[in-house]
Novice: 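The structure is given below, and queries will be raised subsequently.
Note that this is a predicted model, so its numbers are computed, not measured.
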Amino acid sequence: DGTRYDYATYKRGDVAENFTLRDQYGEMVDLYSFCGNHVMVVIGAGWCGPCRQEAGRLQAVADDYPEAQIIQILAQDSSENTPSLGFVQGWADQYGFENVAALGAVSAPTSYEEYFSAPSVLFEDDGYIPTIYHLDDEMKVVSADQGVQTPDTWL
């Protein structure tokens, strides 16, 4: 419709706002429940080959860095739709997530404002996925989509 949206994304030094999404067990999980822990946020989509490759590594990273919490946020399913609980569960099962939280939206956005305020957009600053952010124990962005794939440089 010719409308342009400039939206804010998190940058290094920002404090991430709390959000609530549904995990692979059907439970509502909010970001701030992980306060006190370092958090690695990985944004991906079911249709994205590099996202599937990254997902295949996440449980090994979680095993190597048990002091960090890894969160995989699925922005879309394989058909570019809001992922259902079944899709999120299947993703977690496929990639063997044991202590990696796979998260998806509870419902599809109904407006541009809802879409651009979704965690999967706020943690996406270059238009390419997968996107990886690292948050310190106070939810401050330590690394913002800089290709850092493991917590060893920020713990």
Novice: Using the rule that two of Ile, Leu, Val, Met, Phe, Trp, Tyr join whenever any of their side-chain heavy atoms come within less than 4.5 Å, decide whether Leu85 and Leu21 are in one cluster.
Specialist: no
Novice: Calculate, to the nearest 0.5 Å, the distance between atoms CG and OG belonging to Asn18 and Ser33 respectively.
Specialist: 8.0 Å
Novice: Just by modelled atom types, is the Glu138 backbone N or O under 3.5 Å from a matching donor or acceptor in the Asp136 side chain?
Specialist: yes
Novice: Okay, side chain of Arg52, backbone of Gly46: is any donor-acceptor separation there less than 3.5 Å?
Specialist: yes
Novice: How would you list, by chain and number, every residue that makes a side-chain contact (heavy atoms from CB on, under 4.5 Å) with Asp14, sequence neighbours excluded?
Specialist: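 With sequence neighbours excluded, Asp14 shows a side-chain contact (heavy atoms from CB on, under 4.5 Å) to Tyr10, Lys11, Val141, given in chain and number order.
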Novice: Could you give me the CA-CA distance, side-chain angles and deciding distance for Ile43 and Tyr133, then say whether side-chain contact (heavy atoms from CB on, under 4.5 Å) is met?
Specialist: CA-CA 9 Å; Ile43 307 296; Tyr133 273 67; 5.8 Å; no
Novice: Please name the pair of heavy atoms, one in Ile129 and one in Pro50, separated by the smallest distance, quoted to 0.1 Å.
Specialist: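 In terms of heavy atoms, the two residues are closest at O-CB, 4.3 Å.
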Novice: Please confirm whether the backbone N or O of His38 pairs with a side-chain atom of Asp137, one donor and one acceptor, at under 3.5 Å?
Specialist: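 Side chain of Asp137 to backbone of His38, a donor-acceptor pair under 3.5 Å: no, none is there.
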Novice: Does the side chain of Leu31 reach to within under 4.5 Å of the side chain of Met139, using non-hydrogen atoms?
Specialist: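 Heavy-atom side-chain distance check passes, below 4.5 Å.
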Novice: For a quick test of reading the model, state the closest non-hydrogen atom pair linking Pro130 to Val42 and the distance between them.
Specialist: CB-CG1, 4.4 Å
Novice: Distance-only, no hydrogens or angles: does the Gln24 side chain make a donor-acceptor pair with backbone N or O of Val100 under 3.5 Å?
Specialist: yes
Novice: Step through the shown structure and confirm whether more than 12 heavy atoms of other residues, nucleotides or ligands are within 6.0 Å of CD on Glu17.
Specialist: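 No, because the 6.0 Å sphere around CD of Glu17 holds 12 heavy atoms or fewer from other groups.
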Novice: Taking the side chain as everything from C-beta on, heavy atoms only, tell me whether Tyr95 gets closer than 4.5 Å to Leu58.
Specialist: no
Novice: If we only count heavy atoms from C-beta on, is the Leu74 to Leu103 side-chain gap below 4.5 Å?
Specialist: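 Leu74 vs Leu103: side chains apart.
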Novice: Report the C-alpha distance between Ile71 and Phe34 in whole Å, list the side-chain angles of each, state the deciding distance to 0.1 Å, and finish with yes or no for side-chain contact (heavy atoms from CB on, under 4.5 Å).
Specialist: CA-CA 10 Å; Ile71 298 172; Phe34 301 112; 3.7 Å; yes
Novice: Between the side chain of Arg12 and the main-chain N/O of Val142, is any donor-acceptor distance below 3.5 Å?
Specialist: yes
Novice: May I ask you to check whether Gln76 and Trp47 show a side-chain donor-acceptor distance below 3.5 Å?
Specialist: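 Looking only at side-chain atoms, Trp47 and Gln76 do form a donor-acceptor pair, the distance falling under 3.5 Å.
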Novice: Do Val41 and Tyr32 sit in one hydrophobic cluster, given that two such residues count as connected whenever their side-chain heavy atoms are within less than 4.5 Å of each other, even indirectly?
Specialist: yes
Novice: Do Gln59 and Asp63 have side-chain N/O donor and acceptor atoms under 3.5 Å apart?
Specialist: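 Yes, Asp63 and Gln59 have a side-chain donor paired with an acceptor closer than 3.5 Å.
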Novice: I need the minimum non-hydrogen distance between Ala62 and Asn99, along with the two atoms involved.
Specialist: CB-OD1, 3.6 Å
Novice: Shortest non-hydrogen contact from Met40 to Val61?
Specialist: SD-CG1, 4.3 Å
Novice: Verify the cluster assignment for Tyr25 and Phe87: are they in a single hydrophobic cluster under the rule of side-chain heavy atoms below 4.5 Å apart?
Specialist: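 Unlinked, Tyr25 and Phe87 end up in two clusters.
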Novice: Quick check on the hydrophobic clustering: are Met28 and Trp91 connected, directly or via other members, by side-chain heavy-atom contacts under 4.5 Å?
Specialist: no
Novice: Which heavy atom of Pro83 sits nearest a heavy atom of Asp77, and at what distance?
Specialist: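 Where Pro83 meets Asp77 most closely, the heavy atoms are CA-CB, 4.1 Å.
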